[in-house]
Amino acid sequence: MNVQNLNAFDPFADEGDVLGQDNDVGSQQNYIHIRIQQRNGRKVLTTLQGLPKEYDAKKILKAFKKEFACNGTLVDDEEAGQVIQLQGDQRQKISNFLVEEGIPKATIKIHGF
Amino acid sequence: MSEEPLFDPSLKKRKKKQVAFSEDPLGADADPTTPAPAVIDDTTLNGDAVDMGPKTAHEQMKANVEGGEEVPEAGEKAEEDDLKAMFGDLKKKKKKKKDIPLDLEADGSGTSTPVAGAAEDLDFSDMKKKKKKKAATLEAFEKELNDSKATAKEADDEDVPDGLPEEIDEAELGEDPFAAGAGGAAVSMDAGTEPWLKSDRDYTYPELLQRFYYQLHAANPALLNSAGKRYTIAPPQLAREGNKKTIFANVSDICRRMHRQPEHVIQYMFAEMGTTGSVDGSGRLVIKGRFQQKQVEHVLRRYIVEYVTCKTCKSPDTLLTKENRIFFISCESCGSRRSVNAIKTGFQAQVGKRSRNKTG
């Protein structure tokens, strides 16, 4: 028998792995990454990775789709977690949207060419 | 050419930023791409016209506050602008660069003594003149203005809000607006013609700043010229191979100029562009996907910001070393050392046929 509640956080645990398993020093863990990927022709995909847990990705995706008039899906990735995928280059729009919703701009990283 | 419309927004935005940036007096002064003597005067004139234009103390305060706000923003934009200048041969537009403070530090060891000496001399003479003047004006105005002293004091306080109280004189009341205007109109300031010499008022910050830049450039005129050509990188040469591949021909040359391993640069480029590729026999990089020169240039610029320039002194003279799987940048000119982010590809969406992807 174990009590799930109690093993949530042990303040006296050995903090050997502060950074988590795959995070080096200066990791990009808490950034929101907006990437772009080329498809065939002049088509591109925009991916949004690293959305904070407190936001509901599904609802955000819904808002994105409505706002940017594009389609998109939610993809579960082993490393990246939930990733929002949108059709077309929506990087700047996503960034503006997130900033307007109160996410600090410093945490948003736009990648791509 | 097909992707052109995609990348316009960011470019436009950067241009806007630049416009805003040119308002900054420091930035205007520190523009090294323009020829030395004429432009110093022009820019100082402009910078002071902006700063010293306000006649009332309130406006002056406001201008100062605004100036204070602009400076950190300029610092943030500095690296981007810096990099813009690195591709100097590519962009014909006017470049703003924050190299002057850097170079001042860099040159400080060599040329600091003459500058400091000159400055001290001038300061000394200024002080003397000032004292004499002050005595004279004190005598002259003491009787006349004795009755209006109280009001004058009040006005003085308003005029020079940050001035030292003991330096404020009654005589200044009448002269201050004129002096400020003269300071704004003074195109080239010789030593000893500073506007505050003619009156007993305190020198204001913009005046001192102008004086500093004037003396800095007078003492080492090479400052402007050397900064411009200091760090340029050849524009990437791109060619299309077939329909879906792009050849980046001079990648090794660019890497050599940045003093970086080609592997590191290539890894970063692939991660950023979300693609793959290979290096062919003659050292050229073959990138999958269609890319234009300006896109690759943009990626390279961000690489330089992140992995080449020193964050402390903005110098591109840095070394990238790897210790325990962590990359460190150590600056050759200022000696600072910091870790940099590992290159991460991040999430890659499924593109193309799944069946092809599964098999390899």
Side-chain angles (χ1 to χ4, degrees), chain A residues 19-51 57 68 70-96 99 105-106 109-113, chain B residues 1-13 76 236 238 243-244 246 268-276 287-302 306 311 322-329 338-353:
Chain A
L19 295 165
Q21 54 275 34
D22 60 342
N23 299 322
D24 296 323
V25 172
S27 82
Q28 313 165 354
Q29 188 201 15
N30 33 21
Y31 283 116
I32 298 174
H33 297 276
I34 304 174
R35 292 197 171 81
I36 191 171
Q37 216 175 332
Q38 277 194 340
R39 292 181 53 217
N40 36 1
R42 55 177 301 178
K43 298 175 182 174
V44 285
L45 275 180
T46 310
T47 61
L48 173 70
Q49 172 193 335
L51 201 65
F68 311 147
C70 65
N71 208 348
T73 58
L74 205 55
V75 180
D76 274 316
D77 191 64
E78 296 104 51
E79 297 142 33
Q82 284 198 311
V83 176
I84 292 180
Q85 231 180 69
L86 295 172
Q87 290 178 358
D89 180 12
Q90 318 286 358
R91 292 177 294 170
Q92 216 54 53
K93 293 183 202 164
I94 292 179
S95 168
N96 290 342
V99 169
K105 197 164 187 175
K109 263 199 173 173
I110 298 183
H111 300 264
F113 26 84
Chain B
M1 70 171 184
S2 55
E3 282 86 8
E4 192 128 6
L6 297 179
F7 309 97
D8 275 344
S10 61
L11 286 175
K12 261 183 215 161
K13 210 185 159 206
E76 281 172 25
L238 291 191
N243 199 21
K244 294 192 169 172
T246 310
Y268 178 83
M269 287 179 61
F270 285 163
E272 279 295 292
M273 303 198 286
T275 183
T276 53
I287 310 170
K288 260 173 88 178
R290 298 181 195 168
F291 295 97
Q292 292 166 289
Q293 188 197 329
K294 70 173 176 188
Q295 296 171 342
V296 174
E297 191 193 310
H298 189 216
V299 174
L300 276 178
R301 231 172 238 171
R302 281 206 308 235
E306 195 147 356
K311 292 273 196 267
K322 194 176 189 181
E323 287 170 28
N324 297 330
R325 298 189 294 166
I326 300 168
F327 279 106
F328 286 92
I329 270 190
R338 65 188 289 275
S339 70
V340 289
N341 290 337
I343 297 172
K344 278 193 178 174
T345 308
F347 173 72
Q348 286 292 314
Q350 172 91 45
V351 174
K353 284 184 186 161

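Keep in mind that this is a model prediction, so the values were computed, not measured. Every chain is numbered from 1 and lettered A, B, ... according to where its sequence line falls, protein lines coming before strand lines.
One finds the CD atom of A:Gln37 at 12.5 Å from the CE atom of B:Met273 (value rounded to the nearest 0.5 Å). In this structure, the separation between CD1 on A:Ile36 and CD on B:Glu272 is 11.5 Å, given to the nearest 0.5 Å. Put simply, CD on A:Gln38 and CD on B:Gln295 are 7.0 Å apart, with the number rounded to the nearest 0.5 Å.
With sequence neighbours left out, B:Phe327 forms a ring-ring contact (aromatic ring centres under 6.0 Å, His included) with B:His264. Applying the side-chain hydrogen bond (donor to acceptor under 3.5 Å, both in side chains) test to B:Glu323 and every residue at least two apart in sequence or in another chain returns B:Arg337.
For the pair A:Lys109 and B:Asn341, the tightest heavy-atom approach, listed with the atom from each and the gap, is NZ-ND2, 3.4 Å.
No option in A:His33, A:Gln85, A:Glu79 other than A:Gln85 meets the side-chain contact (heavy atoms from CB on, under 4.5 Å) test with B:Phe347.
Among A:Asp77, A:Ile110, A:Val83, the residue with the largest count of heavy-atom pairs under 4.5 Å with chain B is A:Val83.
Not one N or O on the side chain of B:Arg290 forms a donor-acceptor pair closer than 3.5 Å with the backbone of A:Arg42.
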